[in-house]
Amino acid sequence: MSNVVTRFAPSPTGYLHIGGARTALFNWLFARNQGGKFLLRIEDTDRKRYAPEAVEAIYDGMRWLGIDWDEEPISQFSRIERHAEVARELLTKGAAYKCYSTKEEIDAFRTAARAAKRPPLFRSPWRNADMATAPDAPYVVRLKAPREGETTIDDQVQGSVTWKNETLDDMILLRSDGTPTYMLAVVVDDHDMEVTHVIRGDDHLTNAARQSIIYKGMGWDLPIYAHIPLIHGPDGAKLSKRHGALGVETYRDMGYLPAAMRNYLARLGWSHGDEDFFTTEQAIEWFSPDKIGKSPARFDFKKLENLSGQHIRATDNVDLLQEIEKFVASQHKPELTLRQREMFISGMDGIKERAKVIPELIEIAYYFLGERPFLPDEKAGHFLTTVSRGMLNRLTSRLRDATWTLEELEAEIRAFAEVEDLKLGKVAQPLRVALTGRTVSPSVFDMMVQLGKEECIARLEDASR
RNA sequence: GCGCCCUUCGUCUAUCGGUUAGGACGCUAGGUUUUCAUCCUGGAAAGAGGGGUUCGACUCCCCUAGGGCGUACCA
């Protein structure tokens, strides 16, 4: 096992959305590629926004996606003592200071700065103040960030990025109630968890620079950063709940295969030459952070759908049945009967190439999932005219004596069409309607063999009435 | 406002100074076919704009435009 450690650190404010899922996937792919560890940490230091059920939603989403993590997930909140300890150490080292400025003073400062067209970065008067003058009042702990020189981050995706230190502020490490902020907590936790590679959204790029100052203050080594571009909605704007930023469980409910989801998400921003369709094993084998692109990608349902169809076709029938059963369970529908499971296996070849998502698989399986009589729906009804009923009656009589194999059936029906002086389609389509009540289905010959003679004759008799 | 990042077909992308700029999705014209789908064949479709550097730029540099992110006692 290598010493590579990656992590996914969501904040439990809602479901696991698609951007987070991709971040988790990239971290996971890299860890698995390297034979390292992939850890989970819940960023729950902000108790005002903490929602326990959101943590479960995140676990569920990860599990559905098939992204497994090593070791017990860590609650950041449980580590606040350690965070405070580091803050105190920074204080004694002179890398941080106590700031007694009130919220009102800070607001006033910023408003004035804006009015004067100066950067609204707060410059605390306590940065170099004599602590003897400190009031007996609540204070926050601020980082004493350098104001001269520059800070450079070498990023695996973004390359070398530099900021002038004057554009970075003295961020708050410990709130006035003594709880740690995200900035402090991530650094301390990533360090203590021995995280070697931080792969996260590029909305954190500036944070990397600010956080590096904390690392420096503590004399710790920086992890290797890879800031990946965010995913945009179909219209190019920021992903919102309106379009695409749905929780992963929404995609599960739509019936996409997890394997297809992993494939699609991996391909969004990452590439391995021209490969578009691949298995998760291949993605793990091929994954490399330096092949992640720098520009944001848009979410495209059409492509996801196509990939899902390809994965359905490529999935072994027994495994596919399992996916169907998992889906059925997730939708709180009654589980499949033994007979239905058998029919799925025997009919899978005919239905899997006609579906792109699991609900379509179930829809196409209607011809064996449903029960007699299979009354024709509106479109199908047009094929059951007086003339075609007569034709079907003559066919039914012949079929009573037929040998029920694919070859015999096909020969029999083709011969019948010839006798009736009809094209095969003119016989097959009414036959399909009589058998299923619908205009669309797998091959009639395949269905007849699968359904068996007795059932087929019964359905034909139903239709003749 | 300031800082940082981004910009190849409609979309996802390949290309790492020299290619008829390739693939995939979607679209489209056909073919196979008992419906639908699958499958097969063909087609339209791209380097944001302007300057440089170079024998030669999609590729390197600068500017402009457009977009994104950040600028919290949120994460």
Worksheet entry | Straight-line distance of A:Leu25 CG to A:Met62 CE, nearest 0.5 Å |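 Atom-to-atom, A:Leu25:CG and A:Met62:CE are 9.5 Å apart.
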Whole Å only: how far is the [atom1] atom of [X] from the [atom2] atom of [N]?
X: A:Phe301; N: B:rC12; atom1: CZ; atom2: P; answer: 15 Å
X: A:Arg175; N: B:rA75; atom1: CZ; atom2: P; answer: 4 Å
X: A:Leu361; N: B:rA37; atom1: CG; atom2: P; answer: 16 Å
X: A:Arg298; N: B:rC9; atom1: CZ; atom2: P; answer: 10 Å
X: A:His227; N: B:rG3; atom1: NE2; atom2: C1'; answer: 15 Å
X: A:Arg114; N: B:rG1; atom1: CZ; atom2: P; answer: 12 Å
X: A:Ile228; N: B:rC5; atom1: CD1; atom2: P; answer: 18 Å

Where the side chain of [X] meets the backbone of [Y], is there a donor-acceptor pair that is under 3.5 Å apart?
X: A:Ser388; Y: A:Phe383; result: yes
X: A:Ser78; Y: A:Ile74; result: no
X: A:Ser11; Y: A:Thr13; result: no
X: A:Arg127; Y: A:Ala145; result: yes

Worksheet item: Yes or no on side chain to side chain contact (heavy atoms under 4.5 Å, CB included) for A:Val357 and A:Leu257, after CA distance, side-chain angles and deciding distance?
Response: CA-CA 7 Å; A:Val357 287; A:Leu257 248 35; over 6 Å; no
Worksheet entry | Salt-bridge present (A:Arg41, A:Glu43; N to O < 4.0 Å) |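 Answer for the salt bridge query: yes.
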Worksheet entry | B:rA14: pairing nucleotide in any strand, Watson-Crick or G-U under 3.5 angstrom |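 Per the H-bond distance test, none.
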Worksheet, complete the sentence: Quick tally for nucleotides 21-36 of chain B: nucleotides whose base has a protein heavy atom under 4.0 Å get B, sugar-phosphate-only ones S, the rest -, giving -BBBSS-------BBB
Discussion item. Taking the six-membered ring of A:Phe374 as reference, does the cationic atom of A:Arg459 (NZ for Lys, CZ for Arg) lie under 6.0 Å from its centre and within 45° of its axis?
Written reply: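 The answer is yes, since A:Arg459 meets both limits relative to A:Phe374.
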It should be established whether [X] places a side-chain nitrogen or oxygen under 4.0 Å from OP1 or OP2 of nucleotide [N].
X: A:Arg110; N: B:rA72; value: yes
X: A:Lys294; N: B:rC69; value: no
X: A:Ser271; N: B:rA14; value: yes

Practice prompt. Just do the ring pair (Phe, Tyr, Trp, His ring centres under 6.0 Å) check on A:Tyr50 and A:Phe77 with the steps written out, would you?
Written response: CA-CA 10 Å; A:Tyr50 175 69; A:Phe77 179 67; 7.7 Å; no
Practice prompt. Residues of residues 115-123 of chain A with any non-hydrogen atom less than 4.0 angstrom from an atom of RNA chain B: list those, numerically ordered, please.
Written response: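 A:Pro120, A:Leu121 - these, ordered by number, are the residues of the stretch whose heavy atoms sit under 4.0 Å from the strand.
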Worksheet item: Is the base of B:rC73 touched by the side chain of A:Thr181 through a donor-acceptor pair closer than 3.5 angstrom?
Response: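 Per atom types, no contact qualifies.
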Worksheet item: Which sits closer to the 5' end of RNA chain B, A:Leu268 or A:Ala9, going by the nucleotide each is nearest to?
Response: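 Looking at the nearest nucleotide for each, A:Leu268 comes out on the 5' side.
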Worksheet entry | Whole-angstrom distance between B:rA14 and B:rU59, as gauged at atom P |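 16 Å, rounded to whole Å.
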